[in-house]
Amino acid sequence: MSWRDTCCGELRRDDVGRRLTVAGWVDTRRDHGGLVFVDLRDHTGVLQLVVNPETAREAAEAAHQVRNEFVLRAEGEVVARADENLNPNLPTGAVELRVERLAVVSRSEPLPFQLDEEGVDETLRLRYRWLDLRRERMQRNLRLSHTAIAAIRRTMDELGFVEVWTPSMTKGTPEGARDFLVPVRLQPGRFFALAQSPQLFKQLCVIGGIDRYYQIATCWRDEDLRADRQFEFRQLDVELAFAEREDVLEVLERCVVASFEALGREPPPRPFARLPYREAMLRYGSDKPDLRFDLAIEDATEVTRGSGFGVFANAPAVRYLTAPQAFSRSELERLERDAKELGAKGLAYLVYDEEGQVRSPIAKFLSEEELARFGAEPASTVLFAADRPDVVVRVLGGLRAQLAKELDLADRRRDAFAWIVDFPLFEWSEEHGRWTFSHHPFTGVRPGDEEWIESDPGGALSEAYDLVWNGWELGSGSIRIHDQDVQRRIFAALGMGEEEAEEKFGFLLEALRMGAPPHGGFALGIDRFVALLAGEPNIREVTAFPKVASGSDPLTGAPTAMPDAVLRELGISTIGQPQ
RNA sequence: GGGGGCGUAGCUCAGGCGCGGAGAGCACUCGCUUGUCAGGCGAGAGGUCGCCGGUUCGAGUCCGGUCGUCCCCGCCA
């Protein structure tokens, strides 16, 4: 006896007359006392079973006992439905299975939530994830995820990349994100760190002559969870020898396009836009702008330099956004509150009504020239930020993102991919009072900018790049430093002595001294990519068993305390709640 | 660490100005029902209104705290 020889969702009118066996879950039952209808569901879809006590007495008796989510095995004949009984809502709705034998394979308790109900509390879904996974949404998302990842693997293979496994347990680093630590029984008091990424190993692979390395790698970072962040996540990790920036970007673009095609969707046109970091910040106030809409930030500093409006005249920078709506008094008050939360001192504005008439407390202070410059379409509002350039960028960037959401400016049918390029090499860390790397310490310096490493660290650009899709950062990469001397100077600029650098990254520095080819790569956040492909608002919806924001797993109850004996063997004692 | 939302039956929610017996739909149990597909009809069971404290004659409702969860800021090389 086989459990089944056919899947539920496959049957069509052509199958009428076949005798077959199906198995699956009870989606719903409709028990008429005599006739019993059961919608049987498997991973392919739903099929209606009809059990008639006059032709299958034992099967009918069993069918009366059936409840939701019982697992059944049904043998019978596929029959056509009468015209008045067709169900156009079901792919199998032209046929049904006239059951001859029915077996209850597995019973089910009443479920903690109903599978056909929307909006079930997410913690409950995660607590009973095996039930949640039976639902259409999760089935679809996990299959979509598989399809995209399979397309990526296929593409990487075609492009000559070799998948290499690298250690999860590796050496901790104080820089970057917090590490998850793994105690080592054989060496009590010592710890591995779970890899935040295979960064150093992938460079070693290429230095080791792999030429084209890739891996769908699991990474761990002990930072607060978000809609787009879990402790554990996957990266498409890529590294190429003898590569320039465009070589790397092309590989990633081909993976993106292949994923779209595998899902039967119109891929974004290649090449993707290249947007310099500086321009992204100026025009959109963000290094991961959503480019499905424009709403660009304009600069007015030159125009307002001699303004009669003191706030403008005295500000180091004056920039503005033109929102396509004439805001009301109360809307403007709310926007001003939001602007202040973003760091603005206030929010100046010009409202243009339906007739194009300007309404603003500051209009009377502005010259004809200024008003002409800011003049906007009827039914719009010009919003100004006047402050230090970095504050202006933050405020208008924040307002831009918020307005887009509130006014629904993003065209959901569009897919706006862009590379953000020419990032600064360093950024100033207020916390540490020194320069720190903006990407990571092995990021290449843009050719010609090496001299700035010492003389003007803030002015040097790097060979780093980010991939942005509809305002989500999908990943980042760079051409790496393959010159040991440049690497030493970078460490020096970061305030890291040679001894410290040797202690932390000695093995990489050594490798760089032994014939390192020029190389570069990228890391694409697979979970984010798949969530966006699936149209989901967070990565938990494409993750089989995710954790909640507090870092717990509602299903297993992890994390848990461990017995003292276990800790003792590892040389660990706990001090309770840290300060 | 900070800000905001949510927490009432197994699930999704209503009640929310303190007015006094805590409700609906689905799920569940029992009975009836031979063409349903959100099956129908009838009956029933099911509640620490997240938890603790306060105000009040009286708290699901007001106040304080706390826990859980979601979103955001910080953080995420």
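The chains referred to below are lettered A, B, ... by the order of the sequence lines, with proteins before strands, and numbering in each begins at 1. All values below come from the heavy atoms of this structure, side chains included, with hydrogens, waters and symmetry mates left out.
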N/O contacts under 3.5 Å, protein versus nucleotides 67-69 of chain B?
from, atom 1, to, atom 2, distance (Å)
B:rU69, OP1, A:S550, OG, 2.8
B:rU69, OP2, A:S550, OG, 3.3

Restricting to pairs with a member in residues 106-118 of chain A, which pass side-chain hydrogen bond (donor to acceptor under 3.5 Å, both in side chains), not counting sequence neighbours? none
Provide the full list of salt bridge (Lys or Arg N to Asp or Glu O under 4.0 Å) pairs with a residue in residues 542-557 of chain A, sequence neighbours left out, each pair given once. A:E232-A:K547
Short heteroatom pairs, N/O only, protein and nucleotides 26-28 of chain B, under 3.5 Å:
from, atom 1, to, atom 2, distance (Å)
B:rC26, O2', A:Q114, OE1, 3.4
B:rC26, O2', A:Q114, NE2, 2.2
B:rC26, O2, A:Q114, OE1, 2.8
B:rA27, O4', A:Q114, OE1, 3.0

Who are the ring pair (Phe, Tyr, Trp, His ring centres under 6.0 Å) partners of A:F191, not counting sequence neighbours? none
Looking at residues at least two apart in the chain, or sitting in another chain, which of them share a salt bridge (charged side-chain N to carboxylate O under 4.0 Å, His left out) with A:D287? none
With sequence neighbours excluded, residues passing ring pair (Phe, Tyr, Trp, His ring centres under 6.0 Å) with A:F426: none
Listed partners of A:D449 passing salt bridge (charged side-chain N to carboxylate O under 4.0 Å, His left out), at least two apart: A:R446
Please identify each residue that fulfils ring pair (Phe, Tyr, Trp, His ring centres under 6.0 Å) with A:F180, with sequence neighbours left out. A:F231
In numerical order, the residues of residues 458-471 of chain A whose heavy atoms come under 4.0 Å of RNA chain B are none
Expressed as a whole number of angstroms, how long is the span from A:W472:CH2 to B:rC76:C1'? 15 Å
For A:F529, which residues count as a ring pair (Phe, Tyr, Trp, His ring centres under 6.0 Å) partner, sequence neighbours excluded? A:W469
Looking at residues at least two apart in the chain, or sitting in another chain, which of them share a side chain to side chain contact (heavy atoms under 4.5 Å, CB included) with A:V468? A:K288, A:I420
